[in-house]
Amino acid sequence: MQPAFYDRPVLEVARDLIGCVVRRGECSGVIVETEAYHDSEPACHAFGGLTPRTATLFGPPGAAYVYLSYGVHALLNAVCEPEGVGAAVLIRALMPLTGVELMAQRRGRSPQAQRELCSGPGKLSQALGISLADNRGDLLHGPVTFEPRPAQLGAPAVSTAPRIGITRATELPWRFCLSGSRFLSAPLPRR
DNA sequence: CATGGGATTGACT
DNA sequence: GTCAATCCCATGC
């Protein structure tokens, strides 16, 4: 995925990432759920401006923004829009593709429980071995890399919904899901 | 320097 | 359905 891919409006990138592949080492998965965050709205960490914590968000596009949620989980984002704009796409769920055994081992689950391996932003980080050390990493060169959508998957049908787990700007439909996927972090709202 | 909130998960009732 | 774990970092004194 070239740097120019991320140097676009974050809503476009969030939608276009559905069906693409995230890889770290031997483990990889197809992105089935994303959320967009932008410094113009209060749910975004960058809303409060440039601080040591948000420096990655305001940095160049195509970097990984990894931060600790609830003191427990490392959450993976892709920094978007030009340098100076604080925006990123949160990766919320994957369909496991390769390295399933290692992912299951890291998650403390059976390899057969594929739906439990990456169906949540904290889960997929644990499965891929992503930590705060991956913050600010280059998504083109790794260790965490994003790859274009496999051609055999075809054009994905994408559904939109309100974002999950936030308390502000809950009205924005900035969650993007692969329609009908069984690997989402939570079901799509009815209708 | 002390405090409190948070883009979650899993265990338990 | 409820709730604790756990820690970074922004804010305020």
Side-chain angles (χ1 to χ4, degrees), chain A residues 6 9-11 13-15 17-18 22 29 31-59 61 63-81 85-96 103-137 139 144 146 158-178 181-189:
Chain A
Y6 305 97
V10 68
L11 291 177
V13 181
R15 175 178 290 270
L17 278 176
I18 299 297
V22 178
I31 300 174
V32 298
E33 181 178 348
T34 64
E35 286 179 359
Y37 289 86
H38 189 274
D39 60 23
S40 62
E41 46 90 14
C44 182
H45 291 164
F47 183 69
L50 180 63
T51 68
R53 181 200 196 190
T54 60
T56 309
L57 281 170
F58 286 99
Y65 170 53
V66 182
Y67 79 98
L68 197 64
S69 176
Y70 290 90
V72 181
H73 306 284
L75 269 51
L76 172 67
N77 301 251
V79 176
C80 296
E81 309 222 4
V85 178
V89 175
L90 170 67
I91 310 303
R92 286 195 56 89
L94 307 177
M95 175 179 68
M103 291 197 283
Q105 183 181 325
R106 285 174 173 146
R107 292 269 304 124
R109 298 299 155 105
S110 154
Q112 300 152 256
Q114 287 200 32
R115 236 163 294 188
E116 298 297 311
L117 297 183
C118 298
S119 56
K123 295 179 183 177
L124 71 89
S125 288
Q126 187 183 15
L128 297 189
I130 293 170
S131 73
L132 294 189
D134 291 301
N135 186 43
R136 239 178 155 122
L139 293 176
V144 179
F146 283 42
V158 179
S159 300
T160 61
R163 294 175 292 182
I164 293 180
I166 57 172
T167 56
R168 292 175 292 183
T170 55
E171 73 284 358
L172 298 176
W174 286 8
R175 178 187 179 208
F176 298 87
C177 298
L178 179 63
S181 172
R182 304 186 306 280
F183 296 91
L184 301 179
S185 68
L188 282 161

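This is a predicted model, so every value here is computed, not measured. Numbers restart at 1 for each chain; the letters A, B, ... are given by sequence-line order, proteins then strands.
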Grab the [atom1]-[atom2] distance between [X] and [N] for me, whole Å please.
X: A:L117; N: B:dT8; atom1: CG; atom2: C1'; value: 17 Å
X: A:L75; N: C:dT6; atom1: CG; atom2: P; value: 18 Å
X: A:K123; N: B:dA7; atom1: NZ; atom2: P; value: 18 Å
X: A:E35; N: B:dT8; atom1: CD; atom2: P; value: 7 Å
X: A:L172; N: B:dA7; atom1: CG; atom2: C1'; value: 14 Å
X: A:I164; N: B:dT9; atom1: CD1; atom2: P; value: 9 Å
X: A:Y67; N: B:dG5; atom1: OH; atom2: C1'; value: 12 Å
X: A:H73; N: B:dG6; atom1: NE2; atom2: C1'; value: 12 Å

Legend entry - Partners meeting salt bridge (Lys or Arg N to Asp or Glu O under 4.0 Å) with A:D134 (sequence neighbours left out): A:R24
Inset, instruction - Given side chain to side chain contact (heavy atoms under 4.5 Å, CB included), test A:L11 with A:W174 step by step and report yes or no. - result: CA-CA 7 Å; A:L11 291 177; A:W174 286 8; 3.6 Å; yes
Legend entry - Trace of the side chain to side chain contact (heavy atoms under 4.5 Å, CB included) decision for A:S185 with A:I164: CA-CA 9 Å; A:S185 68; A:I164 293 180; 4.1 Å; yes
Legend entry - Check: A:L76 and A:L90 side chains under 4.5 Å, non-hydrogen atoms: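 Counting from C-beta outward, A:L90 and A:L76 never come under 4.5 Å.
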Using the test side-chain contact (heavy atoms from CB on, under 4.5 Å), find all partners of [X] that sit at least two apart in sequence or belong to another chain.
X: A:R53; answer: A:H45, A:T51, A:Y65, A:Y67
X: A:A46; answer: A:D39, A:C44, A:L57, A:F58
X: A:A133; answer: A:S131

Legend entry - N/O (side chain, A:R168) to phosphate O (OP1/OP2, B:dG6) under 4.0 Å: no
Inset, instruction - Please check the phosphate of B:dT8 (OP1 and OP2 only) for any side-chain N or O of A:R92 closer than 4.0 Å. - result: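 Indeed, a polar side-chain atom of A:R92 lies that close.
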Inset, instruction - Enumerate, in order of first residue number, the stems that involve DNA chain C, defined as 3 or more consecutive Watson-Crick or G-U wobble pairs with both distances under 3.5 Å. - result: B:1-6 with C:7-12, B:8-12 with C:1-5
Inset, instruction - Assign each of A:G165 and A:Q126 to its nearest nucleotide of DNA chain B by heavy atoms, then name whichever residue's nucleotide is nearer the 5' end. - result: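 This one resolves to A:G165.
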Inset, instruction - Specify the residue among A:T167 and A:P121 whose closest nucleotide of DNA chain B lies further upstream toward the 5′ end. - result: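 Of the two residues, A:T167 wins.
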Legend entry - Pair A:R107-A:Q126, side-chain donor/acceptor within less than 3.5 Å: yes
Legend entry - Reading 5' to 3' through nucleotides 7-13 of chain C, protein heavy-atom contacts under 4.0 Å coded B for base, S for sugar-phosphate only, - for none: B-SS---
Legend entry - Base B:dA7 to side chain A:H45, donor-acceptor N/O within 3.5 Å cut-off: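 Such a pair is found, so the answer is yes.
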Legend entry - Worked check of side chain to side chain contact (heavy atoms under 4.5 Å, CB included) between A:E33 and A:L178: CA-CA 6 Å; A:E33 181 178 348; A:L178 179 63; over 6 Å; no
Inset, instruction - Classify the nucleic acid contact of A:L90 as base, sugar-phosphate or nothing, counting any heavy atom under 4.0 Å across all strands shown. - result: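 Here A:L90 touches the bases of the nucleic acid.
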Inset, instruction - Scan A:R175 against the nucleic acid and name what it touches under 4.0 Å (heavy atoms): base, sugar-phosphate only, or nothing. - result: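 Contact class for A:R175: none.
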Legend entry - Carboxylate-amine/guanidinium contact A:E171 A:R163, below 4.0 Å: no
